There are 2 protein chains.
Amino acid sequence: MGRTPAGETRKRIFEFMRHRLLAGDPPTTREVQEQFGFRAVQTAREHLEALVAEGLLAKARSQGRGQARSQARGYRLPALLEQATENCLIPLLGRVQAGGLTTALEDPEGLLPIHSRFSEKELFALRVRGDSMKDAAIVEDDIVIVRRQANANSGEIVVALVEDEATVKRLRKKGRRIELVPENDAYDVIVPDPARTIILGKVVEVRRYFGTPPLIAPYTDA
Amino acid sequence: MGRTPAGETRKRIFEFMRHRLLAGDPPTTREVQEQFGFRAVQTAREHLEALVAEGLLAKARSQGRGQARSQARGYRLPALLEQATENCLIPLLGRVQAGGLTTALEDPEGLLPIHSRFSEKELFALRVRGDSMKDAAIVEDDIVIVRRQANANSGEIVVALVEDEATVKRLRKKGRRIELVPENDAYDVIVPDPARTIILGKVVEVRRYFGTPPLIAPYTDA
DNA sequence: AGTTGTACCAGACGTTTGTCTGGTTCGTCA
DNA sequence: TGACGAACCAGACAAACGTCTGGTACAACT
């Protein structure tokens with residue numbers, strides 16, 4: 001029977017699917033059936049296939065062999081399919097004061113879940129200490145997300161290890177020399193000894209959380 | 001045969017699972033088997049069950065009835081299980097200049113994928129225009145993530161609709177009156193007409209992207 | 001030499017789950 | 001009034017998939 005107003009149930013089903021899929025828990029056809037009180041699997045299936053036809057859902061490929069049948073729990077969000085490098089966990093390193101090179105990078109608060117175009121392995125996050133980048137709108141307790149790279153262009157904001165201390169500054173190249181420029185009149189430009197300075201990476205993102213701290217997963221792997 | 005050095009394959013399997021699960025595409029036991037070239041399903045299964053025993057993986061509950069059997073593609077990341085309200089898509093609204101109340105909130109750039117403790121429905125994101133919050137380290141083109149709420153405490157940063165224009169300011173309450181305080185000496189405090197002012201929500205997060213823009217999903221639903 | 005533990009293999013059983021065939025009810029439009 | 005499509009239902013088949021039983025090979029320790 002055409003019980004519901006037309007497309008109304010369909011929309012609710014899409015919302016349900018979207019939530020489950022974003023949670024990483026793809027439902028089966030029968031779970032959809034039960035969720036919406038259908039007495040036939042086929043009803044749920046027809047709605048789902050209609051959503052696929054509309055392009056709102058996608059079905060996971062049956063990788064490899066025959067393709068007649070889809071896989072179990074195989075509905076996906078098409079937008080997420082395109083961007084494989086979506087969800088990842090990157091180490092969030094605490095505010096480092098000093099210490100050796102290795103210790104400077106091994107004080108993890110945990111793993112920060114982010115969405116990024118970059119590959120997970122080339123990223124890490126660092127909590128900012130001090131106000132030397134105040135005029136670049138980066139302040140104490142901000143989290144900078146850093147892409148590991150040994151070089152950067154002049155003008156980019158980088159994380160550098162100077163004399164075993166990690167610091168966030170704007171990079172300025174003068175010929176073959178480099179300078180680390182704070183964005184705060186109260187601080188002086190650092191002209192580091194190249195032999196004792198390593199560029200850890202380039203800041204690709206800044207985040208600041210008010211009130212509620214970010215979701216952080218416990219640090220598990222190395 | 002004890003081919004691999006001990007725990008080496010196990011670690012690689014965990015990495016594989018983690019990637020697949022974060023991508024929202026949980027593998028089957030047999031997919032793990034093929035991925036690692038095992039000739040028996042059981043081998044993959046034993047590794048997976050070992051990871052569950054170590055607490056690195058979890059198995060999805062067979063919700064409801066008997067619990068003897070797990071569901072298909074049922075391995076999950078335990079950290080993600082605990083926090084159901086993880087992954088969500090929130091509308092990113094463009095920089096609004098003017099326009100009616102409704103139009104002010106309906107100029108979506110797309111859907112921004114984020115991880116948050118808040119429920120998806122109470123959140124939206126807004127691109128910041130102008131430098132009136134410069135001293136609070138919020139500048140042009142920043143993205144503020146806002147939790148919808150009609151009231152806020154004094155001192156919190158809010159998004160308010162004043163005379164049909166959306167604006168980010170710090171809220172100050174003076175008795176029954178409210179003030180919207182810019183954090184920039186070049187601007188004056190706004191003492192808005194309460195009848196023509198609505199607090200849209202409170203800023204819970206600020207983001208700034210350098211170089212590479214954020215991942216944004218196309219706007220689909222209403 | 002025996003024991004123990006890890007990593008692996010072969011094959012099977014039974015549930016889960018996608019898919020199919022065929023049917024009903026209702027609203028809409030010609 | 002009939003045709004048609006949308007939404008729904010009943011029941012079944014077959015592939016996918018978790019799980020089990022019973023094995024082998026090898027290293028480490030006693």
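For the numbers below, each heavy atom of this structure counts, side chains included, while hydrogens, waters and symmetry mates do not. The structure presented is a predicted model; accordingly, all values stated were derived computationally and were not measured. Each chain gets a letter, A, B and so on, in the order the sequences are listed, and its residues count up from 1.
- The side-chain hydrogen bond (donor to acceptor under 3.5 Å, both in side chains) check on Q33(A) picks up nothing, with sequence neighbours excluded.
- In terms of the salt bridge (charged side-chain N to carboxylate O under 4.0 Å, His left out) criterion, residue partners of E205(B) (sequence neighbours excluded) are, by chain and number, R207(B).
- To the nearest angstrom, P of dA6(D) lies 18 Å from NZ of K11(A).
- In this model, a side-chain donor or acceptor of R69(A) finds a partner on the base of dT17(C) within 3.5 Å.
- Spacing between atom CD of Q71(B) and atom P of dA16(D) amounts to 19 Å, rounded to whole angstrom units.
- For residues 41-49 of chain B, proximity to DNA chain C is found at Q42(B), T43(B), E46(B), H47(B), defined as any non-hydrogen atom under 4.0 angstrom from a strand atom.
- When rounded to the nearest whole Å, the span between CD of E34(B) and P of dC8(C) equals 16 Å.
- Annotation: ring-ring contact (aromatic ring centres under 6.0 Å, His included) contacts of F38(A) (sequence neighbours excluded): H47(A).
- With sequence neighbours excluded, the residues that form a salt bridge (charged side-chain N to carboxylate O under 4.0 Å, His left out) with D142(B) are R208(B).
- The listed nucleotides are dA7(D), dC9(D), dT17(C); the one nearest the side chain of F38(A) is dC9(D).
- Summarising the geometry, the separation between CZ on R30(B) and P on dT16(C) is reported as 16 Å, rounded to the nearest angstrom.
- Partners of F16(A) according to the ring-ring contact (aromatic ring centres under 6.0 Å, His included) rule, which considers only residues two or more places apart in sequence or in another chain, are F36(A).
- In this structure, Y75(A) and G37(B) both approach DNA chain C, and ranking their closest nucleotides by distance from the 5' end singles out G37(B).
- Using a 4.0 Å cut-off between charged side-chain N and carboxylate O, R18(A) and E120(B) make a salt bridge.
- Atom-to-atom, CZ of R12(A) to P of dC8(D) comes out at 10 Å; the value is rounded to the nearest Å.
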